[in-house]
Amino acid sequence: MSVDRMEQLSWIYDLYSIGQEGVLQKKETSEVYQQILTYVVNGFNAQSGSLALCDKEDDGFVTIIAGFDLPPGTIGSKVKMGDGILGQVAQEGKALLVSSDSSNSQRFQICRENHRATATHSVICWPMETEGRIIGAISIDRPDGLSSFTEAEMEWGSILLNMVGLILSNMQLHIDQKHRLEELQFVNQKLEEAQNHLMQSEKMASIGQLAAGVAHEINNPIGYVYSNLGTLEKYVQDTFGM
């Protein structure tokens, strides 16, 4: 596989567009991972592939979250760190090229048994890195009948995966910003509710003060009249000789 400079730039632009589209359209990260994997599989004329991320709850495993032409039930399965191609690359952080016709055929057989059930002729697996940290691995396969992957393809893929790392960093940045915005909106909503409650309490207090003032203004003349009723009654009795 020979890739000229224009084609290299085209690949990098396409990967960048996938990431930007994912951010702008607010796609799920799993959907963007699937698009990235599909692009890499097709670009390297592979038949199948898988993308696995390090398990956040258990750092001893990677979880396959995207697949291309994989057996049923593969997506969602876990691979122990160091096992198979995905586990080995995720653990060591180094790209790996293995072919059935190479001198490490025994190693290839072990990797294949842990990686894919169908016959595989050649495999490349790259680590995925963001912010200096390995977060998973991407693996692509070619079956019997197609030429084996080359060292040049593995090196070119490593350059592409650097772009994938930037895409993931950018996506994570937007995800973090989204979470912070949601947290701020939640806090703002709580503040508005507290302010409304306080205003309601102040309104009730004002109404109470107003009611007390009105009652006081009413009670004063009533008290005056009531206090003079006895005097008035005596005056009437004296006047009419009652």
Side-chain angles (χ1 to χ4, degrees), residues 14-15 18-19 21-22 27-102 104-130 133-149 153-154 157-158 160-161 163-165 167-168 171-172 175:
D14 289 344
L15 282 172
I18 291 173
E21 181 183 342
K27 294 182 178 181
E28 294 292 331
T29 53
S30 58
E31 183 179 352
V32 178
Y33 286 138
Q34 183 64 47
Q35 288 182 306
I36 291 173
L37 175 63
T38 300
Y39 185 87
V40 174
V41 168
N42 290 333
F44 281 87
N45 192 30
Q47 177 176 298
S48 61
S50 55
L51 186 156
L53 293 182
C54 296
D55 197 314
K56 293 182 179 180
E57 297 179 357
D58 188 348
D59 57 8
F61 291 86
V62 292
T63 302
I64 298 176
I65 65 164
F68 190 96
D69 190 30
L70 294 181
T74 302
I75 296 178
S77 62
K78 295 180 181 296
V79 179
K80 187 177 180 180
M81 281 289 192
D83 285 357
I85 292 179
L86 286 170
Q88 181 179 342
V89 170
Q91 183 179 63
E92 297 179 357
K94 297 179 181 179
L96 180 65
L97 167 61
V98 189
S99 298
S100 59
D101 55 358
S102 65
N104 51 9
S105 58
Q106 183 178 2
R107 180 188 187 192
F108 175 81
Q109 181 63 28
I110 295 173
C111 292
R112 184 172 65 181
E113 289 173 355
N114 286 278
H115 184 64
R116 182 173 170 81
T118 58
T120 301
H121 177 65
S122 185
V123 180
I124 299 181
C125 187
W126 299 277
M128 289 195 303
E129 180 178 344
T130 178
R133 179 173 58 90
I134 302 299
I135 63 169
I138 288 183
S139 178
I140 58 175
D141 308 345
R142 278 182 185 165
D144 291 328
L146 295 179
S147 60
S148 298
F149 290 119
E153 288 175 311
M154 183 179 69
S158 296
L160 282 182
L161 265 293
M163 172 56 65
V164 172
I167 292 171
L168 300 183
M171 287 178 56
Q172 190 59 50
I175 291 172

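Starting from 1, each residue takes its place in the sequence as its number. All values below come from the heavy atoms of this structure, side chains included, with hydrogens, waters and symmetry mates left out.
Looking only at side-chain heavy atoms (C-beta outward), E129 and I135 stay at 4.5 Å or farther from each other. Within the 4.5 Å cutoff, the side chain of I64 has heavy atoms near those of the L86 side chain. The side-chain heavy atoms of I65 and I75, taken from C-beta on, include no pair separated by under 4.5 Å.
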*Check the pair Q88, C125 against side chain to side chain contact (heavy atoms under 4.5 Å, CB included), reporting the backbone distance first and the verdict last.*
CA-CA 9 Å; Q88 181 179 342; C125 187; over 6 Å; no
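The two residues V79 and G87 come nearest to each other via the heavy atoms CG1-N, 4.0 Å. When every heavy atom of L96 is checked against every heavy atom of M154, the shortest pair comes out as C-SD, 3.7 Å. For the pair G49 and L37, the tightest heavy-atom approach, listed with the atom from each and the gap, is O-CD2, 3.8 Å. Scanning all heavy atoms of the two residues, the minimum distance from A137 to V89 falls at CB-CG1, 4.1 Å. For M128 against A52, the heavy-atom pair with the smallest separation is CE-O, 3.9 Å. When all heavy atoms of S148 and R142 are compared, the closest pair comes out as O-NH1, 3.4 Å.
From S122, atom OG reaches atom CG of D141 across 8.5 Å, with rounding to the nearest 0.5 Å. To the nearest 0.5 Å, atoms CD1 (I140) and OG (S48) are separated by 9.0 Å. L53 CG to F61 CZ: the interatomic distance, rounded to the nearest 0.5 Å, is 15.5 Å. The OG atom of S50 sits 8.5 Å away from atom CD1 of I85, with the distance rounded to the nearest 0.5 Å. With rounding to the nearest 0.5 Å, the separation of CD in Q35 from CG in L51 is 12.5 Å.
Not counting sequence neighbours, the partners of N42 by the side chain to side chain contact (heavy atoms under 4.5 Å, CB included) test are T38, F68. Looking at residues two or more places apart in sequence or on another chain, you find a side chain to side chain donor-acceptor pair (under 3.5 Å) between K78 and D55, T63.
The stretch residues 38-53 participates, sequence neighbours left out, in no salt bridge (charged side-chain N to carboxylate O under 4.0 Å, His left out) pair at all.
Residues F44 and W126 place their aromatic rings such that the two centres sit under 6.0 Å apart.
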